[in-house]
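The shown structure was predicted, so the numbers you read here are calculated from the model rather than taken from an experiment. Remember, it's 1-based here, ligands and their atoms both numbered in the order they're listed. All values below were derived from every heavy atom in this structure, side-chain atoms included, with hydrogens, water molecules and symmetry-related copies excluded.
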Amino acid sequence: MSGFGPRHLPYGVFSRPGGERRVGVRLWSSVVDLSVLGGLLATGSLNPLMAAGRREWTAAREAVAGLVASEPPLIPLRDVTLHLPFEVADYTDFYSSEHHARNVSEILRPDSPGLSPQWKHLPIGYHGRSATVVVSGTPIQRPSGQLAEGVFGPTRRLDVEAEVGFVVGRPGRRIATTAFAEHVFGVVLVNDWSARDLQAWEYRPLGPFLAKSFATTVSPWVTPIDTLATVAGVAQEPEPLDYLRPAGPAFDLRLAVEWNDTLVSRPPFASMYWTAAQQLAHLTSNGAAVRTGDLYASGTVSGPARDEVGSFLELTRNGAEPVTLSDGTSRGYLENGDWVRIGATARSAGGEEITLGSVSGTIVA
Ligand code: MN
């Protein structure tokens with residue numbers, strides 16, 4: 001499996017049949033058990049390491065690299081169960097792709113298309129539900145809810161949102177954009193499953209609620225942020241307020257969305273308007289605290305092209321223009337038995353291509 005070489009080594013939590021949970025790193029198609037390193041790594045969760053801060057994170061990387069270089073015993077991935085890699089504290093979801101925001105507005109509010117007035121002044125977000133954040137591979141039960149006036153039943157418009165999630169290690173409040181790397185431990189891929197009919201009926205004027213809280217899937221592997229090459233973000237006009245400056249690093253991830261066996265989209269993360277550092281600065285700007293295990297997601301990643309969108313709402317224009325999958329069937333939204341996988345590749349700080357841990361889920365009735 002390319003992209004999981006010794007320069008990447010994303011962290012995860014695994015168990016063997018009948019065994020306890022342990023922290024490991026992924027190397028190619030295997031797991032390296034880190035319990036032999038002791039200390040913060042001899043636990044069943046990444047939280048103790050994440051809470052310890054940047055200096056400990058760097059020390060742990062050096063210890064892990066040393067262990068990997070010494071040819072440690074490898075446990076094949078097929079012999080382990082992967083678990084949520086950290087205990088999720090609070091979960092926040094942003095809405096920071098300009099292409100996504102414009103597409104959604106055009107599709108759902110054709111009478112008043114365009115960005116809302118505040119969109120380029122602050123990163124819009126909402127607080128989600130951490131109790132239903134699940135690890136990749138967990139089946140997704142089709143949610144029920146109010147679909148329209150007087151109608152309660154299973155959603156008919158079950159969708160995905162391909163996103164990038166940032167995991168907070170060190171707690172804080174009023175975190176400057178320049179302090180991003182002191183607080184954020186790593187990156188996961190996220191699928192923010194969404195029920196568009198529930199959303200359309202419940203949504204306005206409030207933020208997302210039951211249309212999204214039923215399940216959010218994250219990848220089992222956390223890529224430390226300093227593993228990733230950084231790039232300049234997109235130009236921001238008007239200039240953001242002081243507490244959102246400098247913008248901080250952007251990351252050049254290329255996502256891939258597979259629907260059953262068909263690659264349907266390649267969303268470009270570098271096209272996001274607001275950076276992860278600005279999102280964290282805004283989230284904590286009113287004095288709100290973040291703590292170890294907080295997860296905040298970027299918002300749906302959509303690029304300018306039709307095959308770069310991160311939701312099926314955009315891909316099929318709310319079901320009006322179904323896509324044809326490789327087996328010849330067509331889809332507007334997810335059907336029972338369908339599966340979706342979101343993957344990503346990125347440039348590492350060392351210049352090679354790495355693969356982020358993917359996020360997948362199958363829809364059950
Ligand atoms: Mn979302």
Next on the checklist: Among D159, T217, T132, exactly one meets side-chain hydrogen bond (donor to acceptor under 3.5 Å, both in side chains) together with W193. Which residue is that?
Outcome noted: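 Exactly one candidate clears the test, T217.
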Item to check | D192 atom (N/O/S) at minimal separation from the Mn ion (ligand 1) | outcome: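 Considering only N, O and S atoms, D192 comes nearest to the Mn ion (ligand 1) through OD2.
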Item to check | Minimum-distance N/O/S atom that E163 presents toward the Mn ion (ligand 1) | outcome: OE2
Item to check | Vertex the Mn ion (ligand 1), arms to E161 OE1 and D93 OD2, rounded to 10° | outcome: 160°
Quick check, are the ring centers of [X] and [Y] under 6.0 angstrom apart?
X: F94; Y: W274; result: no
X: W259; Y: F312; result: yes
X: H127; Y: Y91; result: no

